[in-house]
Amino acid sequence: MKLNERSLAFYATCDSPADNAGFLYKRGERHTAYHRRWFVLKGNMLFYFEERESREPVGVIVLEGCNVELCDSAEEFAFAIRFGGAKSRTYVLAAESQAAMESWVKSLSRASFDYMRLVVRELEKQLEEMRWGLAAGCGGCQGQPGSWKPKPLGPEQSPERLPALPASLPKENGCAVWNNVPGIQRPPDTSGCDGQDSEGHPQLPPLPLRRKASGSEPGGAGAAAPQGPSTFCQLHERYGREVTRLRQHWQDRRRGPRP
Amino acid sequence: MRYNERELLCLARQPAEKAAEILMRVPKKGSVLKKRLVKLVVNFLFYFRTDEAEPIGALLLEHCRITKEEENVFSISFIEEPERKYCFECASEEQCQEWVEALKRASYEFMRRTLIFYRNEIQKMTGKDPLEQFGISEEARFQLGTHKQ
């Protein structure tokens, strides 16, 4: 199967922020010797390089559908990336410290697109419920919205027992719910999918039907109840500027202290 | 570049966000439009010969540009090589628009930005960070301007 390798390599090495990066020992497939490699986690892709300065990754592990576990190994601080399926390979990795191991296990466990989507849906649901509450004139929902109660999740005790999101969210075959949210405009930067229409400005998707039907009583207490596309856009515009500013700040900080 | 092909093939068999038979042309000299089964699963676009179970190829949809071209046509290109375009000719303008919208939202990076946006909105409205209850508010991937370690 062909893969857009050049684009993958670019994604791996460009200066978009990594979700984790560091040296790990990777056990070979056939020979059990460990090789030290520089690993970079971006999104649901775990790239590995021969050296930190290498221009191109040696390989990539697509993390979708994996399980991350601690494992018994002669090697200290070892953990495994396992996939379902009879002939699937298990990737055995080892960190250089307990802290590094925990950090990697945590970030890899949550690296899947599916996980991110679950979190987005939850937040979207919360936001919806809050806005419905406001639109119906509840006078502002301070604290937790309506009927949704968070599952009592304790703080993380150990890497193997990561807190799970409410497990009852259905997996949809069709368009994911989050796809229907209107007005999600990207902040004006060059990375990411920022295609535009032929006139050169981003198109606003229409509001979904249910929002129009919700009635438009203004919310109370100064909270921004959406009364139409313009309010949401304004919010997003403002937010977009904030993102750009923070991004700039991050980039400046990166450049700043280096000799 | 090595990659875990078995798992990617498995992913290609998962339920799709969107799937359709579309005419597709790859950015290779002399290539022509061919009918393909095109399937969007998470941030990958798989494309199959219409009668085969295994995809010919997969495109990771990160740092890409989705462009509406002429009628019924859209293209995917990647920001490091914007002239190299994968072209898709749909059966209708409506189908074309649907795919453009879906693909623009398909990247992990887009979803991350959406999450951060929602997080901030909820925080502004309630004064609370909604990620705290999941114990993930400190995760690097949910921060703006994530630092490189």
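In what follows, every chain begins at residue 1, and chains take the letters A, B, ... in the order their sequences are listed.
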Kindly check if the number of other-residue, nucleotide or ligand heavy atoms within 6.0 Å of CD (A:E56) is above 12? no
Within a strict 4.5 Å, meaning less than it, do heavy atoms of the A:E124 and B:T114 side chains meet? no
Donor-acceptor contact below 3.5 Å, side chain B:N4 vs main chain A:V62: yes
Any non-hydrogen side-chain atom of B:F142 less than 4.5 Å from a side-chain atom of A:M116? yes
Chain B interface, residue from A:K2, A:E5, A:R89 that has the most non-hydrogen pairs under 4.5 Å: A:K2
With side chains defined as the heavy atoms from C-beta onward, is the minimum distance between B:L60 and A:L3 less than 4.5 Å? no
Does A:F10 form a side chain to side chain contact (heavy atoms under 4.5 Å, CB included) with B:E62? I'd like the steps, not just the answer. CA-CA 10 Å; A:F10 178 80; B:E62 300 294 334; over 6 Å; no
If you measure from CD1 on B:I122 to CG on A:L123, what distance do you get to the nearest 0.5 Å? 4.5 Å
What distance separates B:Q133 CD from A:Q126 CD, expressed to the nearest 0.5 Å? 5.0 Å
Taking side chain as C-beta onward, heavy atoms only, is B:L131 less than 4.5 Å from A:V119? yes
Nearest 0.5 Å please: distance from the NZ atom of A:K125 over to the OH atom of B:Y118. 14.0 Å
In terms of heavy-atom pairs under 4.5 Å with chain A, which of B:L40, B:L59, B:I76, B:V100 leads? B:L59
May I have the step-by-step check of side chain to side chain contact (heavy atoms under 4.5 Å, CB included) for B:V41 and A:F113, ending in yes or no? CA-CA 10 Å; B:V41 182; A:F113 190 96; over 6 Å; no
Please classify the contact of B:L11 with chain A as side chain, backbone, both or neither, using a heavy-atom distance under 4.5 Å. side chain
Heavy-atom distances under 4.5 Å only: say whether A:S112 touches chain B with side chain, backbone, both or neither. backbone
Which atoms of B:E81 are under 4.5 Å from chain A, going by heavy atoms: the side chain, the backbone, both sets, or neither? side chain
Side chain to side chain contact (heavy atoms under 4.5 Å, CB included) assessment of B:H63 paired with A:S7: CA-CA 8 Å; B:H63 293 273; A:S7 312; over 6 Å; no
Which pairs of donor and acceptor atoms, one on a side chain in residues 46-55 of chain B, lie under 3.5 Å apart (sequence neighbours left out)?
from, atom 1, to, atom 2, distance (Å)
B:R49, NH1, B:E52, OE1, 3.2

Structural part of B:R84 lying under 4.5 Å from a heavy atom of chain A: side chain
Which atoms of A:E64 come close to chain B, meaning under 4.5 Å heavy atom to heavy atom: side chain ones, backbone ones, both, or neither? side chain
Chi angles and distances behind the side chain to side chain contact (heavy atoms under 4.5 Å, CB included) call for A:D19, B:R112: CA-CA 11 Å; A:D19 298 320; B:R112 189 209 306 270; 2.8 Å; yes
Contact check, side chains of B:F134 and A:R110, non-hydrogen atoms, under 4.5 Å: no
Option in B:L8, B:V42, B:L9 with maximal non-hydrogen atom pairs under 4.5 Å from chain A: B:V42
So, the side chain of B:E5 versus the backbone of A:M1: is there a donor-acceptor pair under 3.5 Å, distance only? yes
Measuring only between side-chain heavy atoms, which start at C-beta, is A:R131 closer than 4.5 Å to B:E121? yes
Using side-chain heavy atoms (C-beta onward) and a distance below 4.5 Å, is A:Y48 in contact with B:R2? yes
Taking all atoms of both residues into account, what is the closest heavy-atom pair of A:V60 and B:M1, and its distance? CG1-SD, 4.0 Å
Residue set satisfying ring-ring contact (aromatic ring centres under 6.0 Å, His included) with B:Y86, at least two apart, ordered chain then number -> none
Taking every heavy atom of A:N4 against every heavy atom of B:F78, the minimum-distance pair comes out as ND2-CZ, 3.0 Å
